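Since the model is a prediction, treat every value here as computed from it, not as a measurement. Letters A, B, ... mirror the listed sequences (proteins, then strands); counts begin at 1.
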Amino acid sequence: MLDDTHKLAIETINLGKQALIFVPSRASAEKTAEEISKLTTISLHDLEQEVLKVITFPTKQCRRLSHCVKKGIAFHHSGLTSPQKEILEREFRAGRIKIICCTPTLAAGLSLPVYRVIIKSLRRFSEKSGMDWIPVLEYLQMAGRAGRPEYEKLGEAIVITKTESEKEEIYSRYILGEPEDIYSKLAVEPVLRTYLLSLISSRIIRDEESMSKFFLQTFWAHQFQDLPRLTSIINRMLKLLSEWQFVTVSGDDNISNQDKNSLASSNGPDFVSASSLNKPLGMKVQPTAIGKRISELYLDPLTARHLLDCLNQLSNQNKDPETPENLTKPNNNSSQITSASDSFPLLQMISHTLEMRPLLRTKSKEQDSIQEELTKNYSILLEHEPNVYDLEYPEFIDSIKTALFFCGWINEIGEDYLLDKYDIRPGEIKVKLEIADWLLYSTEELAKLTIRREDINQIRKLRLRIKYGVKEELLPLLKLKGVGRIRARKMFNQGIKDLGDLKKVDPANLSQIVGRNVAAGIKKQIGDEVKEIPKGTRKGQLSLSKY
DNA sequence: GTATGCTGCGTTTAGACAGCATGTC
DNA sequence: CTAAACGCAGCATAC
């Protein structure tokens, strides 16, 4: 029951030192921390509370962390909120937290007073080969956390092995082994098309000459010395950008817009004709207005194309509500039951992008319920459902799940419930919301350029709801400074539903709901200068839990 | 009766960069 | 199909 990792951790504490324990999964980070925390005699009540209270409605993850932290132990992974991570780092530096069990989050960048690094396993799951050895580079990063010069004269890195033969293998592979070479990723398609558009937009690439000049100077060219291959990928990307009308190419027949309607030809095996490898001089490339904006927004052109296509569909749906698709649109009362809403199509649109990856994974148990939600909303989706046997189908289903999570968020579902229902942790929620905000902003910008005024409002509204995590009904109240989802909801439930209601409400009542200072601030903002709000008969604010 | 522990089985599996413009509880 | 380990349910054991 007491395994080597636990013993080492306790021994480190007894030495008066601190340790980092690297583990291969988030679940095991939490479990290891929890187990070790049961073995210490430390008691830090203030930290226990601080960690718990970073969210209005703490999740089970917050509770678990706070229990560990109380005993001077912590776990650290991408699922934590950044305030929590900051607390852990601060307290580890202060020497109150003794041990942090972490995934590779802490393997690079940070300098902490770590005397000992304990690596529980050098294997990690990989899609292609089950549990696989991690790169030597990563081992070095982890080991390098121990004995930082600012804190320690000496550091130890200890790798736990399960068998004698594994010990041999680890020794030769990691201790004696050379770190891997670094490879350029420039030729990876999403990367290349993004940078190609950016280079064209910033006018660094204008023609054949400036293009080869630039790419010849890249690390990719230096490393592979295989310009023909790079050229062929570049030409393929250029052709795509041109077909998507993000750039215009002139003076070269091979990459003209002539076949922009035949996407099939661009995917065919002969996408690079012999002549396009050897183009006549005089080819000129220019960004289109949209292309330039896409590049400023840092969107992958493929994503931009996807957003534009969906916007097109949205526009059509809004324009003529009599289209067959819209006849089946769930407009009747029964649709109230669906967890999704009008926003679902746009949320699914942003969920089904490379930028949103990794999407929320649909677990086998959820398959049916997600499918069900899909069929409920199928008719209003902005893109076509791929074939069930398509390789991309699972990703599509995951985009539905991700969209459902967003739907939950903008319907004021708490983070604790989202964790249970969608297996998404607070830290991950933050990240997803940021990406959603970025993509919705980008969508809005693209809509502006394609003159779809009427759709812009819809997008803007959704963006606000994502930002605050509220139902549409709270939006009027959120215009006020000092009012977020929590206070807005409190006021709304007390019958204060818009700025007009706020004018009418008695300052004393308002301060009972949101507190005196905030109430005064609100009244000031709507033009009612209140000299002094009488002190309420009851202290403090009404608790939200009552509603 | 109840807390604890063991076994077997099914299920899951790390992380993080972009735009924009500031202020939630 | 690859592999380890987590979580949970069901059940045995110790008190």
Base, sugar-phosphate, or nothing for A:S78, non-hydrogen atoms under 4.0 angstrom? sugar-phosphate

Are any of the side-chain heavy atoms of A:R148 and A:L112 separated by less than 4.5 Å? no

Regarding A:Q84 and A:T81, is there a side-chain donor-to-acceptor distance under 3.5 Å anywhere? yes

Residues at least two apart in sequence or cross-chain that pass ring pair (Phe, Tyr, Trp, His ring centres under 6.0 Å) with A:W220, listed by chain then number, are A:F224

Indicate, with a heavy-atom threshold strictly under 4.0 Å, whether A:R361 touches base, sugar-phosphate, or nothing. base

Can you find a pair of side-chain heavy atoms, one from A:I55 and one from A:Q61, that are under 4.5 Å apart? no

Considering every strand and a 4.0 Å limit on heavy-atom distances, what is the contact class for A:S364: base, sugar-phosphate, or nothing? sugar-phosphate

State the dot-bracket string of DNA chain B. Criteria: Watson-Crick or G-U wobble, both atom distances under 3.5 angstrom; notation: ( ) intrastrand, [ ] crossing earlier pairs, | interstrand, . unpaired. |||||||||||||............

Any idea which of C:dA5, B:dG19, C:dC6 is nearest the A:K162 side chain? C:dA5

Using a heavy-atom cut-off of 4.0 Å across all strands, would you classify A:D437 as base, sugar-phosphate, or nothing? base

One thing to verify: whether A:K60 and A:D416 come together as a salt bridge, which I'm taking to mean a side-chain N less than 4.0 angstrom from a carboxylate O. no

By the 4.0 Å heavy-atom rule, please label A:P24 as base, sugar-phosphate, or nothing. sugar-phosphate

A:F75 and A:H77 aromatic ring geometry - parallel, tilted or perpendicular at 30°/60° bounds: parallel

Could you say whether A:V431 or A:V483 is positioned toward the 5' end of DNA chain B, judged by the nucleotide with the nearest heavy atom to each? A:V431

